[in-house]
Amino acid sequence: MTPLAWIIAMSFAGGLLSVLVAAGFAWAARPHWVPTLISYAIGALLGAAFLEVLPHAIEAAESPERAAMNILAGILLFFVLEKLVLWRHCHDEGCHGHGHAAGEEHRDHGHGHDHGRSGLLILVGDTFHNFVDGVLIAAAFVESTPLGIVTALAIIAHEIPQEVGDFLILLHSGYSRARALAFNLLSSLATLVGGMLAYFALSHMESLVPVFLALAAASMIYVAVADLIPGLHKRTELRATAQQVLLIAAGIASIVLAHPLAERALG
């Protein structure tokens, strides 16, 4: 097989496999488990952001300061994007108020759903991340086929726990399981797009990789901290808090366990 054929095959199979494995795990979860498992999703998001994406974003950027600026710009971008989603929801369905109380009222009546805001932001950020994964796969296959295969397998391994978290967040945001799977599969195609573009224009793509990585990290941090963690504070009892902490730690641990394989292949 030619390098291009390998890139197409592994980018497509890698994105598809990681999404299907993650969806199978999340699909098996009963609906009433989803709010509890959101704590795991928070841990997976923060683990992926701080242990996987941020180090690569800083390494790829011209300087740590430039990487930090890109991430701050990304957080502001996702704040504005969420405001636009809120504005559209209020414009389409009507809101009695735009304050915090009104937002809480909508959340409560929606059984914890946030009208798709967290899900939309996660899909945008995940698309950037998948695109960068495709660029990394292409760069590795251009270097050598064995390196490309190992890199693709490493990316699949460290993507699965993050994709589980993303799928759970989509369910929490009110997406049906079939719709969540469809959107995740669509987002995974960005891996193929990134791989193809990188193969034909790798020298031009390299300058954009730090920006895409920063945007991916910003989306993960923003959704975890701004949208999901505040919802955990609605349950203040000691048992619920301990359960949340343990599940957040489990989400981080799943990224940590996948980290050595990814580091050996991508480092």
Side-chain angles (χ1 to χ4, degrees), residues 12-45 48 78 81-95 102-131 133 156 159-193 216 219-220 222-224 226-232 234-235 243-244 247-248 250-251 254:
F12 181 76
L16 183 66
L17 182 60
S18 60
V19 168
L20 290 179
V21 171
F25 177 86
W27 210 299
R30 297 180 181 179
H32 66 274
W33 292 358
V34 173
T36 302
L37 291 175
I38 284 299
S39 298
Y40 168 85
I42 291 171
L45 281 177
F78 286 104
L81 179 60
E82 185 171 28
K83 282 288 187 181
L84 292 175
V85 175
L86 283 170
W87 175 84
R88 180 180 177 184
H89 167 70
C90 290
H91 180 75
D92 290 345
E93 299 184 20
C95 290
E104 290 298 326
E105 180 182 354
H106 281 285
R107 280 178 180 265
D108 292 342
H109 287 299
H111 303 288
H113 297 167
D114 59 6
H115 304 290
R117 292 185 349 243
S118 298
L120 175 62
L121 298 181
I122 278 296
L123 286 171
V124 172
D126 197 37
T127 300
F128 284 123
H129 192 191
N130 290 335
F131 183 88
D133 284 344
I156 294 170
E159 277 291 309
I160 289 173
Q162 181 199 322
E163 292 290 350
V164 171
D166 292 350
F167 200 92
L168 290 169
I169 292 168
L170 291 176
L171 296 180
H172 181 70
S173 294
Y175 290 70
S176 67
R177 291 179 176 180
R179 193 179 178 205
L181 176 60
F183 276 112
N184 260 341
L185 288 174
L186 185 62
S187 175
S188 74
L189 292 178
T191 305
L192 179 60
V193 174
S219 74
M220 296 174 190
Y222 182 85
V223 169
D227 284 342
L228 300 181
I229 287 180
L232 301 186
K234 294 179 181 179
R235 298 184 62 189
Q243 183 185 62
Q244 291 166 358
L247 284 170
I248 290 173
S254 66

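On a predicted model such as this, the values are computed, not experimentally measured, just so you know.
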**OP:** Mind running side-chain contact (heavy atoms from CB on, under 4.5 Å) on Phe78 and Val124 for me, showing each step along the way?
**Re:** CA-CA 9 Å; Phe78 286 104; Val124 172; 3.7 Å; yes

**OP:** Determine whether the side chains of Asn130 and Ser187 contain a donor N or O and an acceptor N or O closer than 3.5 Å.
**Re:** yes

Original post:
Can you name the nearest heavy-atom pair linking Gly125 to Ser219, along with the distance?
Top reply: CA-OG, 3.1 Å

Original post:
What's the shortest heavy-atom distance between Gln244 and Leu232, and which atoms?
Top reply: NE2-O, 3.2 Å

Subject >> Spatial distance of atom CD1 (Ile38) from atom CD1 (Ile229) [nearest 0.5 Å] >> reply: 12.0 Å

**OP:** Kindly determine whether Leu170 and Leu123 satisfy side-chain contact (heavy atoms from CB on, under 4.5 Å), including the steps that lead there.
**Re:** CA-CA 9 Å; Leu170 291 176; Leu123 286 171; 4.0 Å; yes

**OP:** For a side chain to side chain contact (heavy atoms under 4.5 Å, CB included) with Tyr40, tell me which candidate from Leu45, Ile248, Leu168 qualifies.
**Re:** Leu168

**OP:** Measure the CG-CG distance between Leu185 and Leu189 for me, rounded to the nearest 0.5 Å.
**Re:** 7.5 Å

**OP:** With rounding to the nearest 0.5 Å, note down the distance linking CD in Gln243 to CZ in Arg235.
**Re:** 6.0 Å

Subject >> Gap between atom OG1 of Thr127 and atom CG of Asn184 - 0.5 Å precision >> reply: 9.0 Å

Subject >> Spacing of Leu17 atom CG and Phe12 atom CZ [to the nearest 0.5 Å] >> reply: 11.0 Å

Original post:
Looking at Leu228, Leu247, Ile169, which hits side chain to side chain contact (heavy atoms under 4.5 Å, CB included) with Ile42?
Top reply: Leu228

**OP:** Output the distance between atom OG (Ser188) and atom CG (Leu20), rounded to the nearest 0.5 Å.
**Re:** 8.0 Å

